[in-house]
Engineer: 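Take a look at this one; I'll ask things after.
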2 protein chains.
Amino acid sequence: MATIYEVSKLAGVSLATVSRVINNNTPVREATRIKVLEAMDKLGYHPNSVAQSLASSRSNSIGIVVSELNGPFFGTLLSDIETAFRKAGKHVIIAAGHSDEKLEKESISFLQSRNCDALILHVEAVSDDYLTELADKDVPFVLLNRFVPSLYQRCITLNNQHGGYLATQHLLQLGHTNIGYISGPMWKHDAEQRYNGHLRALAEFAINSSQSVFYEGDYHEKGGADGMTQLLNTDPQITAVVCANDEMAAGAMTAARELGRSLPEQLSVVGFDNVNFSHYMCPKLTTVDYPIGGMGQMASRWVLKNVYQQKLGDIQNVFEPRLIQRDSAAAAK
Amino acid sequence: MATIYEVSKLAGVSLATVSRVINNNTPVREATRIKVLEAMDKLGYHPNSVAQSLASSRSNSIGIVVSELNGPFFGTLLSDIETAFRKAGKHVIIAAGHSDEKLEKESISFLQSRNCDALILHVEAVSDDYLTELADKDVPFVLLNRFVPSLYQRCITLNNQHGGYLATQHLLQLGHTNIGYISGPMWKHDAEQRYNGHLRALAEFAINSSQSVFYEGDYHEKGGADGMTQLLNTDPQITAVVCANDEMAAGAMTAARELGRSLPEQLSVVGFDNVNFSHYMCPKLTTVDYPIGGMGQMASRWVLKNVYQQKLGDIQNVFEPRLIQRDSAAAAK
DNA sequence: TAATATTATGTAAGCGCTTTCATGTATAGC
DNA sequence: GCTATACATGAAAGCGCTTACATAATATTA
């Protein structure tokens, strides 16, 4: 691989000048620039990004921590983030945190040691305090789907509460009054907030929430199935169930069918997230859309703007969910 | 951030010695090692990986090109690759090629300029010649799901032909004789091979393939839906359809139902890939398992073994698919 | 045309590490 | 006790760039 030195020799200029045309940050006379470009071309020269990083102490890499790499949710996120940075000539280093405190911390320090210029974090298990401390360190980061009051400018969140509200409101408007709820793990902020939204909708329709059956699931298919089984055992009169994410909705619907309920005639189900397979399910899942792609783009913009000084539009910190009506929720009989 | 220099001063040894304890590649007296480790600890020192890369001309990063970041298929792949490398202290840089020749090439040169030690490529659009030339360059790479004869040691492939065979054989064994086929884009090697397997099964059961209706789809849901519609129009007598991937199967099943077919009673469907949502579909999809995770691990092993000289087991170049029987394929009436 | 302001280019000192080669120090052999 | 050998450590030269700072070339003004 040719080095900048060889280019400078071939072009008959100094290293510095070559560097200038590479970085395009200092004026270079047009004739000189052309000479250099031609030399680079002739040698098939590409700058060594490692050397660039060391010299400039910018690595042009952004570290991303997500909970899982598989699964429908993060794929969309990563895809949009990668596209955004790729355009800007940055690259993305990915680590999975698996919703585990130790692994999340490891991922973060791993990415730090990789000299990332910034991090985009979708972390669930580390504490607010840990994040606040991290903010005092040198590496800038944005938080996705997590609100830490002291770090509010760097939080890109969904109004989960409103999402939970929309799901339940929809069922209530369809005439359901006996609505079960399958939650995510309550230690996760979004799970708690979605549930709060559910309660708010119930209250608004003057339904006593103590009548409403509740199950704390795990955000996975199995939890949804278990939850549905338990809910229907506890209260066979239930006519609708809100699931705090689509995966659980999938499990719940399967379980309900196995228990002899026809969907959506005897039982309506609403999910949350609008993952890409939610319309493969049958009945096609009515769910709350989580604009994760847009939020990923916004996180990218935050980084481009605050770390790389690009002039870009304002940052939208809070995104609003919206209800996607499909076929899994029907009017109460 | 503390540097190796500060550590060496605090420990009262030279830079070289600190480097030795970091890399653990040259004997260092135990007492010295401990002094150094304590100094590192006290300073909260982490080696600067960029500087390490520059000095050693190894970046400890592996570039991955996949077609898409979203979608169920690549998530599984990336997840297993990331896990494997993370354990080895390497990191993964990801780029999407979008099945487009230009973008695939761009992705590859992008990763090259990032000084990746190796690449794992799932590329579809670039030519065999391009890959053969690339192999003469300096960066080592493995190919996933692609067989290039001259590069056979670095190809990790699925026996797609056999997979196609299994899908059709299953339907034939269930008594179907009028079987439609919805293919992927025939310019993609795997699509072609899956179809060849289909033909082989047909031949084995003495079915004239010219009777068998065929549609060339796009590996996406829409293509599956269009394909099913066209197939049923062309030949309403069809009792079974093989789809060359699960996404098309999803579209096809929806379309079939909209055309009034009950599944699987009036129409059996078999997919290919066994993506994670295939059992969310209803009826749950009978499909051919693509062990993409295992193949990703094998690709990782190839890199660890051939690039980082780790002593690991043999490389398995060809993986075998297997049929996953669920509910979408039933006996012919 | 000389003096001054502007702009373009070159010089050289790092960035934080690895690694070769040289040197020093302990151990063994006689 | 002296040399031969092994082993542990240090000195210093890069890895390929960026970026002050210094200098040279050019444009501007009087």
Engineer: Taking only the side-chain heavy atoms of B:Thr26 (C-beta and beyond), determine which of C:dG16, C:dT9, D:dT9 contains the nearest atom.
Structural biologist: D:dT9
Engineer: Out of the candidates A:Ile62, A:Val65, A:Leu78, only one should pair with A:Ile94 under the side chain to side chain contact (heavy atoms under 4.5 Å, CB included) rule; please name it.
Structural biologist: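 Output: one option passes, namely A:Leu78.
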Engineer: Report the distance from atom CG of A:Asn115 to atom P of C:dG16, rounded to the nearest whole Å.
Structural biologist: 10 Å
Engineer: Of the candidate nucleotides D:dA8, D:dT19, D:dG16, which contains the atom at the shortest distance from the side chain of A:Ser56?
Structural biologist: D:dT19
Engineer: Mind calculating the distance between CD (A:Glu6) and C1' (D:dC17) to the nearest angstrom?
Structural biologist: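 One finds 14 Å between C1' of D:dC17 and CD of A:Glu6, rounded.
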Engineer: Just list the side-chain donor-acceptor pairs under 3.5 Å for residues 9-18 of chain A, sequence neighbours left out, or say none.
Structural biologist:
residue: A:Ser14; atom: OG; partner: A:Ala16; partner atom: N; Å: 3.4
residue: A:Ser14; atom: OG; partner: A:Thr17; partner atom: N; Å: 3.3
residue: A:Ser14; atom: OG; partner: A:Thr17; partner atom: OG1; Å: 3.3

Engineer: As a test of reading the structure: which of D:dT19, D:dG16, C:dT19 is closest to the side chain of A:Thr3, going by heavy atoms?
Structural biologist: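 Of the candidates, D:dG16 comes closest.
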Engineer: Which one, D:dG14, D:dG10, C:dC15, comes nearest to the side chain of B:Ser14?
Structural biologist: D:dG10
Engineer: In whole Å, I'd like the distance from the CG atom of A:Leu54 to the C1' atom of C:dT18.
Structural biologist: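 It is 12 Å, rounded to the nearest whole Å.
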Engineer: Anything under 3.5 Å between a protein N or O and an N or O of nucleotides 24-27 of chain C, put it in a table, one pair a line.
Structural biologist:
none

Engineer: Rounded to 10°, tell me the angle between the two end axes of the helix from C:dT1-D:dA30 to C:dC30-D:dG1, each built from five pairs.
Structural biologist: 40°
Engineer: Once salt bridge (Lys or Arg N to Asp or Glu O under 4.0 Å) is applied, what residue pairs with a partner in residues 93-115 of chain B remain, sequence neighbours excluded?
Structural biologist: B:Glu101-B:Lys105, B:Lys102-B:Glu106
Engineer: Are A:Phe73 and A:Tyr290 an aromatic pair, judged by ring center distance below 6.0 Å?
Structural biologist: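 Judged by ring-centre distance (under 6.0 Å), A:Tyr290 and A:Phe73 do meet the cut-off.
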Engineer: Looking at CD1 of A:Ile108 and OH of A:Tyr130, how far apart are the two atoms once the value is rounded to the nearest 0.5 Å?
Structural biologist: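 With rounding to 0.5 Å, CD1 (A:Ile108) is 4.0 Å from OH (A:Tyr130).
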Engineer: If I take atom CG from residue B:Leu134 and atom CG from residue B:Leu119, how far apart are they, to the nearest 0.5 angstrom?
Structural biologist: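 Here the rounded value is 7.0 Å.
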Engineer: Could I get the full list of salt bridge (Lys or Arg N to Asp or Glu O under 4.0 Å) partners for B:Arg20, not counting sequence neighbours?
Structural biologist: none
Engineer: Enumerate donor-acceptor pairs with a distance under 3.5 Å from any side-chain N or O in residues 307-315 of chain B to protein atoms, sequence neighbours excluded.
Structural biologist:
residue: B:Tyr308; atom: OH; partner: B:Asp117; partner atom: OD2; Å: 2.5
residue: B:Gln309; atom: NE2; partner: B:Val307; partner atom: O; Å: 3.3

Engineer: With heavy-atom distances below 4.5 Å as the criterion, would you say the side chains of B:Asp80 and B:Met295 are in contact?
Structural biologist: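 No, every pair of side-chain atoms sits at 4.5 Å or beyond.
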Engineer: Name the nucleic acid region contacted by A:Thr32, choosing base, sugar-phosphate or nothing; use a 4.0 angstrom heavy-atom cut-off, strictly under.
Structural biologist: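 Sugar-phosphate, backbone atoms only, no base.
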Engineer: Expressed as a whole number of angstroms, how long is the span from B:Lys9:NZ to C:dG16:C1'?
Structural biologist: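 My rounded result for the distance is 15 Å.
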Engineer: For DNA chain D, what residues of residues 17-24 of chain B have any heavy atom nearer than 4.0 Å?
Structural biologist: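 Output list: B:Thr17, B:Arg20.
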Engineer: Rounding to a whole Å, what distance do you find between A:Tyr5:OH and D:dC17:C1'?
Structural biologist: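 Rounded to the whole Å, the gap is 15 Å.
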Engineer: Ignoring hydrogens and angles, write down the donor-acceptor pairs under 3.5 Å from the side chains of residues 48-55 of chain A, residues two or more places apart or on other chains.
Structural biologist:
residue: A:Asn48; atom: OD1; partner: A:Val50; partner atom: N; Å: 2.8
residue: A:Asn48; atom: OD1; partner: A:Ala51; partner atom: N; Å: 3.1
residue: A:Ser49; atom: OG; partner: B:Ser113; partner atom: O; Å: 2.8
residue: A:Ser53; atom: OG; partner: A:Ser49; partner atom: O; Å: 2.8
residue: A:Ser53; atom: OG; partner: A:Arg58; partner atom: O; Å: 3.3

Engineer: Of all the nucleotides listed (C:dG16, C:dG10, D:dC17), which has the minimum atom distance to the side chain of A:Ile4?
Structural biologist: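 When the side chain of A:Ile4 is considered, D:dC17 is the closest of C:dG16, C:dG10, D:dC17.
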Engineer: Return the set of residues passing salt bridge (Lys or Arg N to Asp or Glu O under 4.0 Å) with B:Asp190 (not counting sequence neighbours), or none when no residue passes.
Structural biologist: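 Expected list: none.
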Engineer: With sequence neighbours excluded, what pairs up with B:Arg301 under the salt bridge (Lys or Arg N to Asp or Glu O under 4.0 Å) test?
Structural biologist: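 Counting only residues at least two positions away or on another chain, B:Arg301 forms no salt bridge (Lys or Arg N to Asp or Glu O under 4.0 Å).
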Engineer: How long is the line joining CD of B:Gln52 and P of D:dC15, in whole Å?
Structural biologist: 18 Å
Engineer: Please state how far atom CG in B:Asn25 lies from atom C1' in C:dT18, giving the value in whole angstrom units.
Structural biologist: 9 Å
Engineer: Between A:Ser79 and B:Glu68, does any side-chain donor sit less than 3.5 Å from a side-chain acceptor?
Structural biologist: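 No, B:Glu68 and A:Ser79 have no side-chain donor paired with an acceptor closer than 3.5 Å.
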Engineer: Could you tell me which residues satisfy salt bridge (Lys or Arg N to Asp or Glu O under 4.0 Å) with B:Glu30, sequence neighbours excluded, listed by chain and number?
Structural biologist: B:Arg33
Engineer: What residues in residues 37-51 of chain A put a non-hydrogen atom under 4.0 Å from any atom of DNA chain C?
Structural biologist: none
Engineer: Rounded to the nearest angstrom, tell me the gap between atom CZ in B:Arg58 and atom C1' in C:dG16.
Structural biologist: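 Computing the B:Arg58:CZ to C:dG16:C1' distance gives 16 Å.
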